[in-house]
Amino acid sequence: SVTIVGAKSADMAIRVPTLSFKVAGQDSADLVRKLDPHKIGVRYGDFHSRRLIERLNLTHENGVVRVSMVHYNTVAEVDRLIQALDQLIS
């Protein structure tokens, strides 16, 4: 029920370590609020790509959820994000 918005490749020549996604049937703002108690920094919205969000028909669900991971994120933090999403999406 999760759709990645953008390139699905992990190839560093194609994408940056930022992932935008949508969970079917869930408002992106609600999902981010549910992740907040887990102390995971994610955001939601159109991220200055309003026309894309409108074209994808995601305006009424507060756009997409965005996760950014860079050199200072640890594997443990990524695992914590995955565990929290597993709990909230399942």
Side-chain angles (χ1 to χ4, degrees):
S1 64
V2 176
T3 301
I4 295 173
V5 178
K8 293 167 181 63
S9 172
D11 184 343
M12 291 173 34
I14 297 174
R15 68 172 303 120
V16 296
T18 300
L19 182 69
S20 296
F21 64 93
K22 181 67 187 109
V23 178
Q26 288 201 31
D27 184 277
S28 294
D30 290 341
L31 183 58
V32 168
R33 279 191 281 277
K34 291 174 186 175
L35 284 168
D36 279 345
H38 296 273
K39 306 280 191 234
I40 297 171
V42 297
R43 298 294 174 255
Y44 68 92
D46 62 27
F47 304 101
H48 307 287
S49 296
R50 182 172 305 253
R51 285 188 288 170
L52 173 62
I53 295 302
E54 289 172 352
R55 186 172 188 117
L56 295 173
N57 199 28
L58 297 175
T59 305
H60 66 286
E61 293 181 335
N62 284 306
V64 296
V65 176
R66 184 183 71 187
V67 178
S68 299
M69 293 177 266
V70 292
H71 62 279
Y72 53 75
N73 288 109
T74 65
V75 172
E77 290 172 328
V78 175
D79 288 343
R80 192 161 47 97
L81 168 65
I82 292 168
Q83 288 173 350
L85 285 171
D86 279 345
Q87 290 173 7
L88 295 172
I89 295 172
S90 301

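All values reported here derive from a predicted model rather than from experimental measurement.
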Do [X] and [Y] have side chains that approach each other closer than 4.5 Å (heavy atoms only, starting at C-beta)?
X: F21; Y: L85; answer: yes
X: H38; Y: Q83; answer: no
X: D46; Y: L52; answer: no
X: D27; Y: Y44; answer: no

Joint hydrophobic cluster, [X] plus [Y], side-chain heavy atoms closer than 4.5 Å:
X: V64; Y: V2; result: no
X: I89; Y: V5; result: no
X: I14; Y: V16; result: no
X: I82; Y: M69; result: yes
X: F47; Y: L58; result: yes

Under 3.5 Å, side-chain donor or acceptor atoms of residues 28-37 against the rest of the protein: list the pairs with distances, not counting sequence neighbours.
residue : atom : partner : partner atom : Å
S28     : OG   : G63     : O            : 2.7
D30     : OD1  : R33     : NH2          : 2.9

In terms of heavy-atom contacts, does NE2 of H60 have more than 12 from other residues, nucleotides or ligands at under 6.0 Å?
-> yes
Answer yes or no: does atom CZ of R15 have more than 12 heavy-atom neighbours from other residues, nucleotides or ligands under 6.0 Å?
->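 Yes.
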About how many Å separate CD1 of I53 and OG of S20, when rounded to the nearest 0.5 Å?
->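 So the gap between those two atoms works out to 7.5 Å.
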Can you tell which of N73, I40, L19 makes a side-chain contact (heavy atoms from CB on, under 4.5 Å) with L81?
->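 Going through N73, I40, L19 one by one, the side-chain contact (heavy atoms from CB on, under 4.5 Å) with L81 is satisfied by I40 alone.
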Name all pairs fulfilling the salt bridge (charged side-chain N to carboxylate O under 4.0 Å, His left out) condition that reach into residues 61-76, sequence neighbours left out, sorted by first residue then second.
-> K22-E61
